[in-house]
Asker: 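Pasting a structure below so you can have a look.
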Amino acid sequence: MRTASDLKLGEKAVIKDIDNTHPSSHRLLEIGFTPGQEIVLLTKSIFNDPIGLSIRGTIFAIRKNEASCIII
Amino acid sequence: MTPALTKNKIPLITLVGQPNSGKTTLFNYLSGKNFKTVNYPGSTVEYSISKILSKFSINANILDSPGIISLIPSSPDEKISVDSLFSHPKFGKPEIVIITVDSSQLSRHLYLVKQLIDANFNVIVVLTMLDLLRKKNLDISESKLSSILGCKVLKIDSRTGKGLNELLLSLKDSISEISDNEELFPEQLVNTQKEKLLESYRHIEEIEKEVLFRKDPDNGNKNFDISEANKKLVVLNSVRLPNKPDAFTLKVDKFTLHRYWGILIFFLVMAVTFTSIFWLASPLMEFINEVFSLLSSGSEKLFGDTLIGNLISNGLINGLGSVLVFLPQILILFMILGLLEDSGYLARGAMLADKPLSMIGLNGKSFVPMLSGFACAIPAIMATRTISNRRERFLTIFIIPLMSCSARIPVYALLIAFLIPQDKPWIGGIAMASIYIFSIFSSLLIASLVNKFREKIIRESDSSSFILELPAYRKPKLQDVLNNTIKNATQYLKKAGPIIIYLSLFLWVLTYFPNTDPQVNVTGKTAEEVSELKNSERIMTSYASSLGKIIEPVMKPLGLDWRVGVSLIATFAAREVFVSSLALIFKITEEGDNIQASILKAMKEAKIEDTGEKLFTTATTTGLIIFFVFAMQCLSTVAISRKETGSWRIPALQIIVFSTIAYVVSFLTVTGLRFFGIN
Ligand SMILES: Nc1nc2c(ncn2[C@@H]2O[C@H](COP(=O)(O)OP(=O)(O)OP(=O)(O)O)[C@@H](O)[C@H]2O)c(=O)[nH]1
Ligand SMILES: [Mg+2]
């Protein structure tokens with residue numbers, strides 16, 4: 001199962017689902033990471049974590065660990 | 001029609017909205033206030049309330065609140081907003097809720113709008129950031145949005161005042177429609193089910209398709225008539241939704257968030273910020289120095305060597321002057337931080353810092369509070385409210401007093417000036433930068449140690465998270481930044497000024513009495529020598545001296561005496577006082593010289609009473625600097641730390657831990673330097 005944390009730089013993907021068991025999953029849904037939306041991996045910092053994802057025209061920095069509950 | 005409501009209560013209008021959507025900008029416009037508005041999600045962390053300016057002829061209170069994502073708060077700043085929405089402890093429920101909606105991020109922001117409408121609030125939607133939306137070649141139909149949502153929708157730009165008249169008119173309407181029997185019953189309970197949330201977003205996507213239009217490029221000029229243009233616009237139904245971030249931001253981020261460049265730029269930005277404090281400020285400091293030495297020598301001429309003259313020139317003018325000299329540095333620090341915040345870069349800084357900070361138990365969101373700790377610990381500690389994890393938040397609060405706040409600038413600058421050769425001022429900048437770097441490293445070290453023992457010290461555990469919006473880059477609004485800088489500087493003066501004056505007066509009394517007219521041997525001495533002898537005799541037999549003698553044993557290991565001890569005690573009220581109390585205790589009354597030069601001269605001449613050794617040496621002065629790096633000498637910080645953590649545990653630990661470290665490390669420094677032959 002691929003998640004947003006596996007994306008390559010510049011890669012686009014469509015969200016399939018959000019893993020409910022993750023403590024941040026509700027917040028991610030609230031800020032617009034909903035199934036069907038397109039995300040793009042825009043930046044990875046030198047430590048590879050956090051990563052910058054675009055969603056609904058906004059850029060969000062989230063931790064890899066949190067990105068791993070975004071199933072693509 | 002008389003609104004029944006005004007009989008008992010002025011209506012309350014609450015501003016809510018997602019972070020960085022323009023609430024405070026609108027609040028400032030309506031209230032005439034000058035609160036901080038910057039391009040960082042989470043700039044407001046406390047609600048503020050004000051009456052609407054009388055020129056708008058609306059009799060109502062308006063409340064600004066920290067940004068929220070949804071009605072289910074996940075951090076303390078969000079909780080403040082949600083609590084104040086459902087029932088403000090003092091003002092009750094809001095009669096009207098204005099929601100700011102960033103129209104360039106429509107769907108995400110409409111989510112909150114829907115929640116508020118569902119929760120039964122009396123809602124007015126204001127669309128902001130239309131300029132950003134139009135940059136994407138899109139526009140929005142407020143009338144359609146209004147009819148779909150069933151509430152008023154208006155377009156505004158509170159930076160220019162555009163659309164504000166319409167907002168005021170509709171506020172007046174809304175207020176006159178309120179009546180007693182139509183009491184609102186907002187429901188606190190909001191559904192947290194995923195299905196409900198997804199359905200809400202599906203509905204929002206429908207709305208988005210309905211109301212967004214592709215802008216006709218020909219009408220892209222500034223002064224187009226919106227209603228006219230609307231007719232010419234093409235409905236976007238078939239066109240893809242605007243899911244591309246701002247193009248300029250994407251380009252800049254290619255560098256600032258580049259794998260390697262990004263970190264380089266980060267260090268460069270930080271380095272430029274801190275070094276420019278010293279390079280840019282020096283001409284201004286020169287000027288203030290001159291002004292105060294003129295004042296001081298003027299007052300001495302005017303009053304002579306009398307009690308009053310001594311009080312005014314020694315106690316007041318020199319005391320104030322020695323601190324005001326550093327105002328330029330503080331102004332420049334605030335200004336650069338403001339520019340950085342308003343450009344949108346700080347959110348990137350937070351992102352880059354998250355990984356290293358999380359390894360020592362902090363969070364990327366600790367970055368901005370820590371950075372503002374270099375200006376002042378009090379707003380910095382409040383700014384930690386954006387950190388949702390309690391352990392990380394408390395740890396951030398714990399180490400913020402170690403950030404080298406602006407009140408320490410006068411102390412360091414004086415002590416550095418003492419240490420370095422007069423003809424090489426550039427060394428001063430380097431020395432100052434080293435102090436900053438030293439304080440950053442030691443605070444990180446302490447954070448990681450505390451984190452190791454966190455079960456015992458912080459006693460909080462919940463899951464850690466870092467989700468931060470990276471706002472679009474913007475050209476900083478110089479006017480806003482300047483306003484903010486001036487406001488901060490005034491606050492600094494208001495806070496420091498009275499303390500310095502009162503403490504100076506108090507210290508002056510302690511050093512002047514009881515032996516006001518000491519008897520000295522005058523044979524064969526000039527008038528000047530007599531006056532000096534009298535001065536020193538007076539202070540040796542003063543109350544301050546008897547008090548100071550009690551703490552002298554504690555000062556001895558640091559190579560210092562009771563006089564520095566008294567000054568150090570005074571600094572527990574506020575650090576800046578150190579310089580003014582030195583000026584007072586060492587009785588600087590040189591004419592012609594500027595204040596700083598005469599304090600330095602007095603310091604060079606000062607000797608320890610019983611041994612006759614020099615008091616201020618390279619070793620003891622370095623030791624003093626180290627002491628100031630660690631010591632928790634600020635009552636307001638203790639108070640805010642108590643308030644924000646909700647108990648005395650953290651502030652008490654801060655006082656004990658930091659004072660011990662300050663003393664021990666300072667002692668080790670002095671002893672170590674002496675061991676290597678540096679005195
Ligand atoms: N381009 C543009 N910028 C705006 C507009 N309104 C406000 N801003 C800017 O947007 C930034 C954020 O505004 P604030 O008023 O601080 O936002 P806020 O909603 O109070 O933010 P938080 O307190 O963090 O929740 C500031 O830099 C403002 O100058 C607008 O209509 N267009
Ligand atoms: Mg605000």
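In the text below, chain A, chain B and the rest are named by the order of the sequence lines, each starting its count at 1.
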Asker: Examine whether an atom of B/I204 lies under 4.5 Å from a heavy atom of chain A, and if so say whether it belongs to the side chain, the backbone or both; otherwise answer neither.
Answerer: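 For B/I204, there is no contact with chain A at all, as no heavy atom is under 4.5 Å.
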Asker: So, are A/K64 and B/D354 salt-bridged, with charged N and O less than 4.0 Å apart?
Answerer: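 Looking at B/D354 together with A/K64, the answer is no, because their closest N to O distance does not fall below 4.0 Å.
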Asker: Under 4.5 Å from any heavy atom of chain A, what part of B/L257 do you find: side chain, backbone, both or neither?
Answerer: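 Interface part for B/L257: both.
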Asker: Using a distance-only test with no angle check, is there a side-chain donor-acceptor pair under 3.5 angstrom linking A/R63 and B/S464?
Answerer: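 Yes.
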Asker: Check A/K44 against B/R259 and note the closest heavy-atom contact, atom names and distance.
Answerer: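 For A/K44 versus B/R259, the nearest heavy atoms are O-CG, 3.9 Å.
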Asker: Of the listed residues (A/L42, A/I51, A/N20, A/L29), which shares the most heavy-atom pairs with chain B below a 4.5 Å separation?
Answerer: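 Top option by heavy-atom pairs under 4.5 Å: A/L29.
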Asker: Side-chain donor-acceptor pair under 3.5 Å between A/R27 and B/S465, yes or no?
Answerer: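 No.
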Asker: How close do A/D17 and B/K194 get, heavy atom to heavy atom, and via which atoms?
Answerer: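 Closest heavy-atom pair between A/D17 and B/K194: OD1-NZ, 2.9 Å.
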Asker: What are the two closest non-hydrogen atoms of A/T34 and B/Y201, and how far apart are they?
Answerer: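 Looks like CG2-CD1, 3.5 Å.
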Asker: Against chain A, label B/L198 side chain, backbone, both or neither, depending on which of its atoms sit under 4.5 Å from a heavy atom there.
Answerer: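 Interface part for B/L198: side chain.
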Asker: Would a distance-only check, ignoring hydrogens and angles, find a side-chain to backbone donor-acceptor pair under 3.5 Å from B/Y111 to A/I31?
Answerer: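 It does not hold such a pair.
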Asker: Given heavy-atom pairs under 4.5 angstrom as the criterion, report whether the side chain, backbone, both or neither of B/S200 touches chain A.
Answerer: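 Neither part, no heavy atoms under 4.5 Å.
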Asker: Run the side-chain contact (heavy atoms from CB on, under 4.5 Å) test on B/M351 and A/T43 for me, step by step, so that the C-alpha distance in whole Å, both residues' side-chain angles and the decisive distance to 0.1 Å come before the verdict.
Answerer: CA-CA 11 Å; B/M351 175 186 177; A/T43 54; 3.6 Å; yes
Asker: B/L470 pairs by side chain to side chain contact (heavy atoms under 4.5 Å, CB included) with which of A/L53, A/T58, A/I59?
Answerer: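 Between B/L470 and the candidates, side chain to side chain contact (heavy atoms under 4.5 Å, CB included) is satisfied uniquely by A/I59.
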